[in-house]
Number of protein chains: 2
Amino acid sequence: MAAKDIHISDNLVPNGLALSKCTCMGLRKAARAVTQAFDSELRSVGLRSTQFSILSILVMGGAKTIGELSKYLVTDSTTLTRNLRPLERDGLIAIATGEDRRTRVIAPTAAGEESFAKALPLWQGVQERLIQKLGDSNWNTLLETLDMTVKASQD
Amino acid sequence: MAAKDIHISDNLVPNGLALSKCTCMGLRKAARAVTQAFDSELRSVGLRSTQFSILSILVMGGAKTIGELSKYLVTDSTTLTRNLRPLERDGLIAIATGEDRRTRVIAPTAAGEESFAKALPLWQGVQERLIQKLGDSNWNTLLETLDMTVKASQD
DNA sequence: ATACAGTATATGTATATACATATATTAAAA
DNA sequence: TTTTAATATATGTATATACATATACTGTAT
């Protein structure tokens, strides 16, 4: 049975809101689908989506502390501490103590920049195919509403 | 430094695509933000977003196999096998062997229906606040483009 | 200068996620 | 009918995620 053949018939709560339109489920579902697509391409260079994101921020934007990264990525800082481990282990980033010695300053290594450079055309391929399938207008709308959603969830 | 003060200045790849507009990063970021909001409400009834989603499908749509759930949720079936564990351990679902004895049929228990009923108004609160903050039109657009994105990622 | 409050990160624990692989069962082929 | 291919789920392993709590450091008040 294909996914599209599954119908959750009785899915209206009393006031008319549909559970099948749960914002959280919809977002997580789409995030899984898209992550699978990106991960599948990036696998050949040994990176995952999350790792590529972190690397891209560091390579394009320069060294950042864990706190800065976690705010930018809307990730708990304890999550980020752990997300950095595989990158450090593989020699793609370096973690140093900052001037404020409570902080850790994360910088890409030469190997990290190289890995990012290898991954970039693969990323670009998936990104472009997705934009093309969605259409420019829908894709732009998607990215805009995602940004709004992040802000709306936070205040 | 606030997240909005962080600027990834040099973020255009040669052909003009911006890394900061990575579809995957945007989706994952928004999924984290929204999940945090829903989880924060659902915590008082001991459910997480993922668990609430699964419960809602079973309660509103009836028993489903792991395969059916995994297709509907765009989740790897091995992930679903594991997602069910906490729900089973807490007595909210029952897992039985189907007529096709390779399959497992997942059904909500009475406790599961009760837990879902308790969670529903909490879910509704977060959902409505989000819709209100985004505006009906933006929210509808979001849910539509998310659906499109799932489809686009899959073919 | 010292005590105390606040901040940045780390660790313990639990769930979420997926790939590679193994197992069990069904369906198809010979 | 026996063999073989396909399907559904489970397990091993690794990463992603966040909360509660602990630790280390900074800044402030006295």
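Throughout, protein chains are lettered first and strands after them, A, B, ... in sequence-line order, and every chain is numbered starting at 1.
Screening A/R129, A/K118, A/R48 for a salt bridge (charged side-chain N to carboxylate O under 4.0 Å, His left out) with A/E41, the sole residue that qualifies is A/R129.
Taking every side-chain heavy atom of B/D76 into account, C/dC19 is the closest of C/dC19, D/dT17, C/dT25. Closest to the B/P86 side chain, of the nucleotides C/dT15, D/dA16, C/dT11, is C/dT15.
Contact of B/T78 with C/dC19 (side chain to base): a donor-acceptor pair of N or O atoms is detected under 3.5 Å. Between the side chain of A/R101 and the base of D/dG27, no donor-acceptor pair under 3.5 Å is found. One can find a donor-acceptor pair under 3.5 Å joining the base of D/dT7 and the side-chain atoms of B/R102.
Checking the phosphate oxygens (OP1, OP2) of D/dT17, no side-chain nitrogen or oxygen of A/R85 falls inside 4.0 Å. Of the side-chain N and O atoms in B/R48, none sit less than 4.0 angstrom from OP1 or OP2 of D/dT17. Residue B/R32 places at least one side-chain N or O under 4.0 Å from the OP1 or OP2 atom of D/dT17. OP1 or OP2 of D/dA18 sits under 4.0 Å from a side-chain N or O of A/T79. The phosphate of D/dT17 (OP1 or OP2) has a side-chain N or O of A/N83 nearer than 4.0 angstrom. At the phosphate of C/dT15, OP1 or OP2 sits under 4.0 Å from a side-chain N or O atom of B/R89. For the OP1/OP2 pair of C/dA10 and a distance below 4.0 Å, the side-chain nitrogens and oxygens of A/T81 include at least one atom meeting the criterion. In this model, the phosphate group of C/dT17 is not approached by any side-chain N or O of A/Q36 to a distance below 4.0 Å at OP1 or OP2.
No side-chain heavy atom of B/E99 sits less than 4.5 Å from a side-chain heavy atom of B/V105.
Annotation: of the two residues near DNA chain D, A/D100 and B/R43, the 5′-most nearest-nucleotide partner is B/R43.
Residue contacts shown for A/T75 are limited to sugar-phosphate atoms, with no base heavy atom under 4.0 Å away. Using a 4.0 Å heavy-atom criterion, one finds that A/R28 contacts the sugar-phosphate atoms exclusively.
With rounding to the nearest 0.5 Å, the separation of CZ in B/R104 from CG in B/L84 is 11.5 Å.
Judged by distance alone, the side chain of B/D39 and the main-chain N or O of B/S49 form a donor-acceptor pair under 3.5 Å.
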